[in-house]
Amino acid sequence: MSDPATFGPALDEAVALAGRWLGGTRDGRIPPTADIDAVKDALGRELPDRGPSAPEVLQRMAEAIEPGLMRIGSPRFHGWVMGGAQPVSLGADWLVSAWDQNTGLRTVTPGVVAAEELAAAWLTDLLGLPSSAEVGFVTGATVASLVGLVAARDEVLRRAGWDAAERGLAGGPRIRFLVGAERHGSVDSSGLVAGLGRGQVVEADDQGRMRADALRAALAEGSGPAIVCLQAGNIHSGAFDPLGELTDIAHEAGAWVHVDGAFGLWAEAAPGLRHLTAGLERADSWATDAHKTLNVPYDCGIAAVADPEALHRAVAQHAAYLASSDDVADPADRVLELSRRARGVPVYATLAQLGRDGVAGLVQQLADSAQVIAEGIRGVPGAEVLNDVVYTQVCAAFGADERTRAVGAALLAHGQALASPSVWHGRAVLRFSVSNWLTDAEEAGRTVAAVRRAVDAAG
């Protein structure tokens, strides 16, 4: 290190503390043991006039905060849809912080932008997107959907003769925003921020897939600008909308098609799962999250839009002082941020290490591990797997709602595996989401063993 007196002590301490935490990834207790008030007390609630040295601050932070941490990186953490962090992606993320580059403009920070542009090209290829599509790196899938919907909003209005950039939305044609009955809540959030409202709900089947006949009927009810939001990966069942069929129906009506594929878009990268995403490439925009399936650190959503001009018109920023590129799009032309960290660099590092076959193997491993969990739960007396396990989600019940909740509480108390409680089709369920790169058949078997212990404890 060129200036060890400045950075060395703090970084050495951070590495040691991180190593201690990561050492418990496989076998450490998963749920936190301290609540927010306890952590605040341990951190110290009063701002000091002058604090201690950087290493001392880091030590105090680790001692106070670690009891309040959820071990999300555990291979038996199956809550929500949260992956872990592969070593190469974590290392790259540390370098991103050390480099501290504002990744908005190609000519200003060409090093990290080069890595992001390569990652974007590789993603377009792996995810089966059209070669014309441009990719932007955002904070997560919610903002990725927002980027897609803003581009969609302005483009369908432009086709209807209304320039939203010049005239705003007020007074313009009403946009019909059609969403599936089992869409993720992030779609509602993105639609609200984009000015589209909560959306017109289109009926879904028993696995949460939007019905083609229902979409056709909904589109036939009106006319004018329309956006249809499809889903690749239902949060409970893992099911995929019939993307090709629904996209064709939407395009026949002149609608823009956006695909929320926060964790499901990655099925396209695995040959054995690619049937789930058939027709994906015919949509107009897509949203996914590299944390959920590729397993890079948090803060790495991916927004892709097939028509670059529609994307640039909706979100690009330009000013004389910015040194924007004249003949090619800057990163800031693809997202809603100008100032941001180089969050696409860990994606580059992970793809560079895994390669095409490694990504395919990772996604297939997650889906195979979900099958192991499902089969194991089916062998537990009184347990039911309620969904068709086609991807990485297992939705289970253990008798009456009260008993299912008791099994979930016992699982949490034991601390060696975690599933998130939910309600699906009117029943209390436990959701097992297989999202971690360390989860294989052996770890899935350990999850099943933990479930059996929880069932016994629940009585």
Side-chain angles (χ1 to χ4, degrees), residues 18 70 72-73 77 80-104 109 111-127 129 133-148 184 186 189-190 232-233 259-269 285-305 311 315 331-354 358-359 362-363 366 392 433 435-438:
M70 179 76 78
I72 294 172
F77 177 90
W80 301 276
V81 186
M82 298 180 182
Q86 301 203 46
V88 69
S89 68
L90 178 59
D93 199 59
W94 285 3
L95 285 176
V96 167
S97 293
W99 291 337
D100 196 26
Q101 301 288 284
N102 182 356
T103 313
T109 56
V112 290
V113 173
E116 286 201 342
E117 290 186 354
L118 286 173
W122 293 350
L123 286 168
T124 300
D125 180 24
L126 284 169
L127 300 179
L129 306 183
E134 287 200 1
V135 170
F137 294 98
V138 294
T139 55
T142 301
V143 178
S145 279
L146 176 61
V147 169
H184 191 271
S186 63
S189 297
S190 301
V259 177
D260 169 27
F263 64 97
L265 217 62
W266 298 93
E268 175 68 23
S285 58
W286 306 262
T288 190
D289 194 332
H291 177 75
K292 295 184 183 302
T293 303
L294 192 62
N295 279 240
V296 307
Y298 266 112
D299 190 33
C300 197
I302 296 164
V305 177
L311 175 61
V315 302
D333 294 332
R334 304 183 181 102
V335 297
L336 296 168
E337 301 162 285
L338 180 60
S339 296
R340 68 168 179 86
R341 72 197 309 271
R343 57 173 64 100
V345 171
V347 176
Y348 166 82
T350 307
L351 296 178
Q353 183 185 37
L354 291 179
V359 174
L362 167 62
V363 180
L366 299 179
T392 58
S433 177
S435 306
N436 190 285
W437 68 286
L438 289 172

Side-chain donor/acceptor of T109 to backbone N/O of T103, under 3.5 Å: no

Whether S433 side chain and W80 backbone form a donor-acceptor pair below 3.5 Å: yes

Name of the residue among T350, T139, V347 meeting side chain to side chain contact (heavy atoms under 4.5 Å, CB included) with C300: V347

Any donor-acceptor pair under 3.5 Å from K292 side chain to V81 backbone: yes

Main-chain N/O of G83 paired with N436 side-chain donor or acceptor, under 3.5 Å: no

Closest non-hydrogen atom pair, A262 against A141: CB-CB, 3.7 Å

Main-chain N/O of T142 paired with S190 side-chain donor or acceptor, under 3.5 Å: yes

Q101 side-chain N/O to W99 backbone N/O, donor-acceptor pair under 3.5 Å: yes

Non-neighbouring partners of W122 that pass ring pair (Phe, Tyr, Trp, His ring centres under 6.0 Å), sequence neighbours left out: Y348

Worked verdict on E116 versus R334 for salt bridge (Lys or Arg N to Asp or Glu O under 4.0 Å): CA-CA 12 Å; E116 286 201 342; R334 304 183 181 102; over 6 Å; no

Heavy-atom closest contact (R340 atom, V335 atom, distance): NE-CG2, 4.2 Å

Just distance, no hydrogens or angles: give the donor-acceptor pairs under 3.5 Å from side chains in residues 84-96, sequence neighbours left out.
{"from": "Q86", "atom 1": "NE2", "to": "L294", "atom 2": "O", "distance (Å)": "3.0"}
{"from": "S89", "atom 1": "OG", "to": "Q86", "atom 2": "N", "distance (Å)": "3.1"}
{"from": "S89", "atom 1": "OG", "to": "Q86", "atom 2": "O", "distance (Å)": "2.7"}
{"from": "S89", "atom 1": "OG", "to": "N295", "atom 2": "O", "distance (Å)": "3.2"}
{"from": "D93", "atom 1": "OD1", "to": "R341", "atom 2": "NH1", "distance (Å)": "2.9"}

Check: T293 side chain, F263 main-chain N or O, donor-acceptor pair, under 3.5 Å: yes

